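A quick write-up on the structure given underneath.
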Amino acid sequence: ISQTNQAGKKAKSHHKQQHNAEEKAVDLYVLERAFLSTHPGSDKLVDEVWRGYCEYEDASLPSGEYSQTANAVMKRLDQVRMRGRKRECFG
């Protein structure tokens with residue numbers, strides 16, 4: 001019974017982490033769109049903001065290494081961008 005309970009807790013934790021990454025990614029996407037629409041040609045600056053975000057997520061890691069949370073959010077941000085592009089093209 002305890003193994004089943006642990007598996008259930010891990011599944012819930014994984015689902016919550018994915019949901020949290022989705023919410024953060026959507027927030028970052030909205031921020032990115034707002035920034036790029038008001039500051040055309042600032043792609044490099046936005047990239048620096050994302051790099052800073054990843055470093056902030058886990059400052060205890062060596063420079064250039066990002067936490068699993070930051071990696072999950074940035075991966076999800078790429079997916080959110082793709083959904084946004086589809087909506088612009090076909091929406």
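Being a predicted model, the structure only gives us computed values, none of them experimental. Sequence positions, counted from 1, serve as the residue numbers for this chain. When reading the values below, keep in mind they use all heavy atoms of this one structure, side chains included, and skip hydrogens, waters and symmetry mates.
- With contacts defined as side-chain heavy-atom distances shorter than 4.5 Å, the pair Q68/N71 does not qualify.
- Every residue two or more places apart in sequence or in another chain that forms a side-chain contact (heavy atoms from CB on, under 4.5 Å) with L36 is listed here: E32, S42, D43, V46.
- A distance of 10.5 Å separates CE of M82 from OH of Y29, quoted to the nearest 0.5 Å.
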Please evaluate residues E22 and V80 with respect to the criterion side chain to side chain contact (heavy atoms under 4.5 Å, CB included), reporting the C-alpha separation (whole Å), side-chain torsions for both, the decisive distance (0.1 Å), and the verdict.
CA-CA 8 Å; E22 173 73 15; V80 171; 4.1 Å; yes
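- Shown here for Y53 and L28, the closest heavy-atom pair between the two residues is CE2-CD1, 4.0 Å.
- Closest non-hydrogen pair, R76 versus A21, comes out as CG-O, 3.9 Å.
- Counting only heavy atoms from C-beta outward, the side chains of W50 and L77 approach each other to under 4.5 Å.
- A distance of 9.0 Å separates CG in D47 from NZ in K44, rounded to the nearest 0.5 Å.
- Between E55 and R51 there is a salt bridge, since a side-chain N of the basic residue sits under 4.0 Å from a carboxylate O of the acidic one.
- With respect to R81 and D78, a salt bridge is recorded, a charged nitrogen being found less than 4.0 Å from a carboxylate O.
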